[in-house]
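To start, the structure under review is shown below, and the notes come after it.
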Amino acid sequence: MKVFLTGAAGVMGRSSIEALHHAGHDVVGLVRTREQASQIAATGAQPWLGDLFDKSALVAGMKGCDAVANLATKVPIGKGALRPGSLKAIDRIRLHGSRIVVDAARQAGVERIVQQSLSFIYADQADDWIDEGSLVDVTTATEPVVVAEDNVRAFAATGGTAVSLRFGLITGKDRNTAWLFRRAAAGRSIGLGEGESWMHTIHPDDIGTAVAYALTAPGGIYNVGAEPVRRRDYVDAIAIAAGRASGRFLPHWIERIGAEKLEILTRSQRVSRAVQRSDGLAPGAPCLVARMVP
Ligand SMILES: NC(=O)c1ccc[n+]([C@@H]2O[C@H](COP(=O)([O-])OP(=O)(O)OC[C@H]3O[C@@H](n4cnc5c(N)ncnc54)[C@H](OP(=O)(O)O)[C@@H]3O)[C@@H](O)[C@H]2O)c1
């Protein structure tokens with residue numbers, strides 16, 4: 001297949017290019033700078049210069065493609081997330097960008113869209129397992145994610161196939177994990193929420209595996225990630241890998257300051273991989289700890 005990727009130079013894009021090439025697909029990657037274009041070209045993908053909000057550039061790049069994977073994001077790192085307006089760019093990408101991608105794909109005659117999404121949108125379910133049918137808790141922080149899924153679902157309603165991949169927290173060689181490592185190495189707190197609560201995480205390599213799988217999967221929503229881990233174990237694993245004896249949690253008053261932006265990072269989410277296992281999607285990252293060390 002020929003696949004058009006948005007966010008091609010980002011952490012999800014790079015993983016997807018590798019997995020898609022491995023599976024024998026051709027990739028056209030949307031990038032915004034000449035430097036990113038050179039990086040993409042070096043992988044063997046065809047760079048396409050343009051912006052997510054420029055529909056005509058998207059339509060031109062998508063011409064002749066069988067599928068589109070919308071992986072563009074702009075997520076604030078670390079304390080930057082607490083600044084007013086910090087989610088403006090990512091919200092715009094999810095609320096409006098996803099709509100533009102769908103319109104462009106329809107116009108270009110693309111048959112399938114894969115939308116990156118987040119398992120953070122599930123409601124806190126304490127120790128109960130969460131699957132794709134579980135309750136979603138919509139707040140100002142999660143609404144744009146739900147809207148992006150709805151926008152691609154509308155693509156399915158007009159005859160295309162739409163797959164939304166609800167990824168866990170990306171943990172690996174990426175800027176957010178690097179920020180956590182730096183803080184932990186300095187002996188500072190990195191944990192939010194309760195130590196006994198559950199987290200859903202994903203190694204960047206598994207993102208590409210999932211995107212490649214989504215090119216032939218039945219349309220719908222899929223949870224994608226490693227086995228859930230207790231937050232205490234995650235925080236300790238990062239700290240130990242960063243050279244400390246154990247990890248520390250932030251005081252709860254910080255969560256109150258961060259309000260809905262931080263609340264999604266405290267939800268207990270014991271997310272099931274049952275669907276992926278039966279379909280062979282994201283074939284396991286059972287030992288998250290070992291794979292996290294950069
Ligand atoms: N599930 C998760 O846990 C999750 C999800 C997303 C991100 N993150 C994390 O958040 C951190 C920051 O990530 P990031 O969102 O900045 O991702 P990133 O890895 O830099 O990738 C995002 C890509 O989308 C592109 N993009 C953004 N806006 C665009 C636009 N208007 N038009 C075309 N392309 C556009 C970016 O291009 P430019 O470089 O030109 O902006 C970039 O190549 C990373 O550590 C990542 O792992 C985690």
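Here the structure is a predicted model, which is why all the values come from computation and not from measurement. Atoms within each ligand, like the ligands themselves, are counted from 1 in listed order.
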Next on the checklist: What I want to find out is whether Glu263 reaches Arg267 closely enough, with some N-O distance under 4.0 Å, to be called a salt bridge.
Outcome noted: yes

Checklist entry - Of the backbone atoms (N, CA, C, O) and the side-chain heavy atoms from C-beta on, which set of Val31 has a member under 4.0 Å from an atom of ligand 1: side chain, backbone, both, or neither? => result neither

Checklist entry - For atom 25 (C) of ligand 1, what is the nearest protein heavy atom, given as residue, atom name and distance? => result Gly7 CA, 3.9 Å

Item to check | Heavy atoms of other groups near Arg230 CZ, more than 12 under 6.0 Å | outcome: yes

Item to check | Side chain, backbone, both or neither: Arg175 near ligand 1, heavy atoms under 4.0 Å | outcome: both

Checklist entry - Nearest to atom 43 (O) of ligand 1, what protein heavy atom do you find, and at what distance? => result Gly10 N, 3.3 Å

Item to check | Phe53: numbered ligand 1 atoms lying under 4.0 Å from its heavy atoms | outcome: 31 (N)

Checklist entry - Does one side chain, of Asp205 or Ser15, offer a donor that lies under 3.5 Å from an acceptor on the other? => result no

Item to check | ILVMFWY network linking Met62 to Leu215, side-chain heavy atoms under 4.5 angstrom | outcome: no

Checklist entry - How close does the nearest protein non-hydrogen atom get to atom 29 (C) of ligand 1, and which residue and atom is it? => result Arg32 CZ, 3.5 Å

Item to check | N or O contact, Leu118 vs ligand 1, cut-off under 3.5 Å | outcome: no

Checklist entry - Considering only the protein, which heavy-atom contact is closest to atom 27 (C) of ligand 1, and what is its distance? => result Thr73 O, 3.2 Å

Checklist entry - If we ignore angles and hydrogens, is there a donor and acceptor under 3.5 Å between the side chains of Glu227 and His200? => result no

Checklist entry - Heavy-atom count around Glu149 CD within 6.0 Å, excluding the residue itself: above 12? => result yes

Checklist outcome for this item: re atom 10 (O) of ligand 1, the protein heavy-atom contact at minimum distance is Val75 CB, 3.5 Å

Item to check | Under 3.5 Å: N/O of Ala72 near N/O of ligand 1 | outcome: no

Next on the checklist: Is there a continuous path of hydrophobic side-chain contacts, each under 4.5 Å between heavy atoms, that joins Val102 to Leu165?
Outcome noted: no

Item to check | Ligand-side contact atoms (ligand 1) for residue partner Asn176, heavy atom cut-off under 4.0 Å | outcome: 45 (O)

Item to check | Nearest protein heavy atom with distance in Å, relative to atom 5 (C) of ligand 1 | outcome: Ile170 CD1, 3.9 Å

Checklist entry - With a cut-off of 4.0 Å, which atoms of ligand 1 are near a heavy atom of Leu169? => result 3 (O)

Next on the checklist: When you compare ligand 1 with Val11, is there at least one nitrogen or oxygen pair between them that comes in under 3.5 angstrom?
Outcome noted: yes

Checklist entry - Nearest to atom 11 (C) of ligand 1 by heavy atom, Asp174, Leu49, Leu71, Ile77: which? => result Ile77

Next on the checklist: salt bridge (charged side-chain N to carboxylate O under 4.0 Å, His left out), that's the test. Do Asp66 and Arg112 meet it? Break it down for me.
Outcome noted: CA-CA 7 Å; Asp66 306 287; Arg112 176 176 289 258; over 6 Å; no

Checklist outcome for this item: For Gly168, the ligand 1 atoms with a heavy-atom partner under 4.0 Å come out as 1 (N), 2 (C), 3 (O)

Item to check | Full working for side-chain hydrogen bond (donor to acceptor under 3.5 Å, both in side chains) between Asp54 and Ser56 | outcome: CA-CA 6 Å; Asp54 179 353; Ser56 50; 3.0 Å; yes

Checklist entry - With a 4.0 Å cut-off on heavy atoms, does Ile93 reach ligand 1? => result yes

Checklist entry - With a cut-off of 4.0 Å, which atoms of ligand 1 are near a heavy atom of Asp51? => result 30 (C), 31 (N), 32 (N)

Checklist entry - Taking a hydrophobic cluster as the set of Ile, Leu, Val, Met, Phe, Trp and Tyr residues connected by side-chain heavy atoms closer than 4.5 Å, whether directly or through intermediates, do Val136 and Phe120 fall within one such cluster? => result yes

Checklist entry - Is Gln36 reaching over with its side chain to a backbone N or O of Thr33, donor-acceptor style, under 3.5 angstrom? => result yes

Checklist entry - Just heavy atoms, cut-off under 4.0 Å: does Met12 contact ligand 1 by side chain, backbone, both, or neither? => result side chain

Checklist entry - So which heavy atom on Ala72 is nearest to which on Thr6, and how close? => result N-OG1, 3.1 Å

Checklist entry - CD of Gln46 to CZ of Phe4: how many Å apart, nearest 0.5 Å? => result 9.5 Å

Item to check | Nearest non-hydrogen protein atom, atom 37 (O) of ligand 1 | outcome: Gln36 NE2, 3.9 Å

Next on the checklist: Below the 3.5 angstrom mark, is there an N/O of Thr177, backbone or side chain, next to an N/O of ligand 1?
Outcome noted: no

Next on the checklist: How far is atom 32 (N) of ligand 1 from the closest protein heavy atom, and which atom is that?
Outcome noted: Leu52 N, 2.9 Å

